[in-house]
Amino acid sequence: MLVEYSSPNMARRMHVGHIRSTIIGQALANIMAALGYRVISDSHIGDWGKNFGILLTAIRHEGRPTGNDEAALAILEGLYARYNRLAEEEATIDQEARDWSLRLEQGDPEALDLWRWIVGLTLSVNAPLYTRLGVRFDTIHGESFFNDKMAPIVAEALKQGVATRTDGGAVVVTLPEQPTFLLQRSDGGTLYHTRDAATIAFREEEYRPTAIIYVVDGRQELHFRQLFALMRALGHAREIALVHVSFGVVIGPDGRPLAARRGNMVYLQALLNEAHTRARAIADASSPHLPEVEREAIAEAVGVGAVIYNDLHQDPRRTIALDWDQMLALQGNSAPYIQYMHARCRSILRRATLTDIGSGDPSLLTHPAETALLKALALMPNAVRAVGTRYTAAALAEWCYETARATATFYRDCPTLTAPTPEVRAARLRLVAAMAQGLASGLHLLGIAAPDQL
RNA sequence: ACCGCCGUAGCUCAGUGGACGAGAGCACCUGGCUACGAACCAGGGGGCCGCGUGUUCGAAUCACGCCGGCGGUACCA
């Protein structure tokens, strides 16, 4: 099974708009692997096309930014925004951008040189963010990778009569029940559909997957409907499930889209840092006895965990209005709550002796809080399987939270270390060990760390 | 205009293969640390589950229509 997610644009810093695909995709990849699929995670980076034409035009006019850090990337980002707007207003700039994107496709050395620099810069700036989020890719086959694989698809579509060439030279596809779309520009350049069609053909040949999962925002639903219909019409991917996991975009608190030029853009790094800072403040207040390095590590696990969980616990299709307090919530229905319950279980296990654990008799667990936990444990496989069939990690996030709540009640009503009898104590220890393992596994599958102590 | 998604408590959201008389978090009110860690727990107020019709023994959940919000609709991605 191949899972495509994150797929950031080049020459841009990752912002809250990218976080959803990244987080949802990684969780799905984790869970599909747990379900037994051999998962290939792929970031289909946007390193090709007309947007690069615009970038190259901008650099040609304004010069190449110095440095190889986030600051340089920010400058590129600004250049792109400005020239993208210019291209819409001035036909000469637009033409220049088209020319450059074509030169890039044709292997022009100058274009290639700048292209390599831009891609390298972007990937190196993004890398530490991925590390913090626990994200890793098996392959990064950007759109450029498919440059030489597109002509055959276009030819195939024409040959099969699925597509036709217009008088202007463009290749147009008309399928039943689908709006028509283009497979090739009139100047010979390729398009989004072309690249994605070539990508499917490649993946089909290369991996023979049972499914290809696209974790891409909902605005591209039509694109994928058309793409999948095209591939079916061509006779491709007959035995492959093609799935678009669609999610809603993140908008500003005012209900309007986030945009750099509107000044309300929130970058991923800033978001993670703020989450870390908030978690650190609470760690300092509630666990002053822990050494500095540990509190720092806990703050990272808790802060980043909160961000990840916030994205996973709700229906991905909803539009999310940016709300710092909600995204970074550290109480209630949040990752820290689940992490806390896990840590309390671990705390009990730390205080018990090893020989106590695993020898308990489960039939002694008859208190309502105990049976509730046993039921919760039994439901975990269902939750994981639901993710596999519904393609949403929310089912598992929900399980983690409900289970953590049941754990909290048990914690209050059923003392473990000071249980009434040694037999009950042993049984409860065994239960606590199971809960700790279940919660930790659930969190790990979601891509969230489960520290032994907060 | 057409297509898609969403519309559940003041706010943010769970719940839609059969399973109590509809749930959680935040906010508000009340109570609980001489600790298996209070990043917690217990309790309270607060809801024509957008509206209507239909299917069914039974509908927040399924079907159809309507209203509202958002998104998309060939040479950007």
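In this text the structure is predicted, and so the values were computed from the model without any measurement. Hydrogens, waters and symmetry mates play no part in the numbers below; they use all other heavy atoms, side chains included. Every chain is numbered from 1 and lettered A, B, ... according to where its sequence line falls, protein lines coming before strand lines.
- B:C13 sits 25 Å from B:G52 when the P atoms are compared, rounded to a whole Å.
- Comparing the C1' positions of B:U30 and B:A19 gives an interatomic distance of 34 Å, to the nearest angstrom.
- Within the 4.0 angstrom heavy-atom criterion, no nucleotide atom of any strand lies near A:Ser246.
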Using residues 175-185 of chain A as the side-chain source, report each donor-acceptor pair under 3.5 Å to any protein atom, sequence neighbours left out, with the distance given to one decimal.
| from | atom 1 | to | atom 2 | distance (Å) |
| --- | --- | --- | --- | --- |
| A:Gln184 | OE1 | A:Arg165 | NH1 | 3.2 |
| A:Arg185 | NE | A:Asp187 | OD1 | 3.0 |
| A:Arg185 | NH2 | A:Asp187 | OD2 | 3.2 |

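- Tested against A:Tyr214, the residues A:Phe224, A:Tyr391, A:Tyr5 include a single ring-ring contact (aromatic ring centres under 6.0 Å, His included) partner, A:Phe224.
- Annotation: cation-pi geometry satisfied between A:Arg344 and A:Tyr411 (NZ/CZ under 6.0 angstrom from ring centroid, within 45° of ring axis).
- Residues passing the side chain to side chain donor-acceptor pair (under 3.5 Å) test with A:Thr190, sequence neighbours excluded: A:Glu105, A:Arg195.
- Nearer to the 5' terminus of RNA chain B, by closest-nucleotide assignment, is the contact made by A:Arg225 (compared with the other of A:Pro316 and A:Arg225).
- If you take atom C1' in B:G21 and the same atom in B:C62, they sit 23 Å apart, rounded to whole Å.
- A distance of about 9 Å separates the P atoms of B:C41 and B:C26, rounded to the whole Å.
- A 3.5 Å limit on both hydrogen-bonding distances identifies B:G72 as the Watson-Crick or G-U partner of B:C2.
- If you check B:G37 for Watson-Crick or wobble pairing at under 3.5 angstrom, you find it has no partner at all.
- Residue A:Tyr337 is classed as a sugar-phosphate contact, given heavy-atom separations below 4.0 Å to backbone atoms only.
- Base-pair partner of B:C64: B:G52 (Watson-Crick or G-U wobble, both distances under 3.5 Å).
- In this structure, A:Leu191 reaches the sugar-phosphate backbone alone: every heavy-atom distance under 4.0 Å involves primed, P, OP1 or OP2 atoms, never a base.
- A:Glu402 comes within 4.0 angstrom of no nucleic acid atom, judged by non-hydrogen atoms across all strands.
- Pairs of residues two or more places apart, or lying in two chains, that qualify as side-chain hydrogen bond (donor to acceptor under 3.5 Å, both in side chains) and include a residue from residues 215-233 of chain A are A:Tyr192-A:Gln220, A:His193-A:His223, A:His193-A:Gln226, A:Asp196-A:His223, A:Asp217-A:Arg219, A:Glu221-A:Ser246.
- Across all strands shown, A:Thr416 has heavy atoms under 4.0 Å from base atoms, whether or not it also approaches the sugar-phosphate.
- B:G58 is unpaired under the Watson-Crick or G-U wobble criterion, no partner having all donor-acceptor distances under 3.5 Å.
- Comparing the same atom, P, in B:G44 and in B:U53 gives a spacing of 34 Å after rounding to whole Å.
- For residues 375-386 of chain A, the side-chain hydrogen bond (donor to acceptor under 3.5 Å, both in side chains) pairs, not counting sequence neighbours, are A:Asn382-A:Arg385.
- At a threshold of 4.0 angstrom between heavy atoms, the contacts of A:Ile45 with the nucleic acid are absent.
- Within the 4.5 Å cutoff, the side chain of A:Phe52 has no heavy atoms near those of the A:Trp100 side chain.
- For the side-chain contact (heavy atoms from CB on, under 4.5 Å) test with A:Val215, the passing option among A:Ser21, A:Ser6, A:Ser7, A:Pro316 is A:Ser21; the others fail.
- Residue contacts for A:Val302: at a heavy-atom cut-off of 4.0 Å it reaches a base atom on one of the strands shown.
- Among the atoms of the strands shown, base atoms are found under 4.0 Å from some heavy atom of A:Ala343.
- In this structure B:A42 sits in a base pair with B:U30, meeting the Watson-Crick or G-U test at under 3.5 Å.
- Contacts of A:Cys345 with the nucleic acid, taken as non-hydrogen atoms under 4.0 Å apart, are absent.
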Please list, one pair per line, the donor and acceptor atoms closer than 3.5 Å that link side chains of residues 441-454 of chain A to other protein atoms, with sequence neighbours excluded.
| from | atom 1 | to | atom 2 | distance (Å) |
| --- | --- | --- | --- | --- |
| A:Ser441 | OG | A:Gln437 | O | 2.8 |
| A:His444 | ND1 | A:Ile448 | O | 3.4 |
| A:Asp452 | OD1 | A:Arg346 | NE | 3.4 |

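- The residue A:Arg12 sits apart from the nucleic acid: no heavy atom pair falls under 4.0 Å.
- Within the 4.0 angstrom heavy-atom criterion, only backbone atoms of the sugar-phosphate kind lie near A:Leu222; the bases stay farther away.
- Nucleotides B:G37 and B:G7 are separated by 41 Å at their P atoms, to the nearest Å.
- Separating the C1' atom of B:U8 from that of B:A60 is a span of 7 Å, rounded to the nearest Å.
- The gap from the C1' atom of B:A27 to that of B:G46 amounts to 12 Å, rounded to the nearest Å.
- With a cutoff of under 4.0 Å to any heavy atom of chain A, the contacted region of RNA chain B is bounded 5' to 3' by B:C3 to B:A77.
- Using a 4.0 Å heavy-atom distance criterion, A:Arg318 is classed as a base contact.
- Using a 4.0 Å heavy-atom cutoff across all strands shown, A:Gln453 reaches at least one base atom of the nucleic acid.
- Each of A:Arg350 and A:Glu221 lies near RNA chain B, and the nucleotide nearest A:Glu221 is the one positioned closer to the 5' end.
- No contact: A:Asp187 has no heavy atom under 4.0 Å from any strand.
- The partner of B:A22, taking Watson-Crick or G-U wobble pairs whose two distances both stay under 3.5 Å, does not exist in any strand shown.
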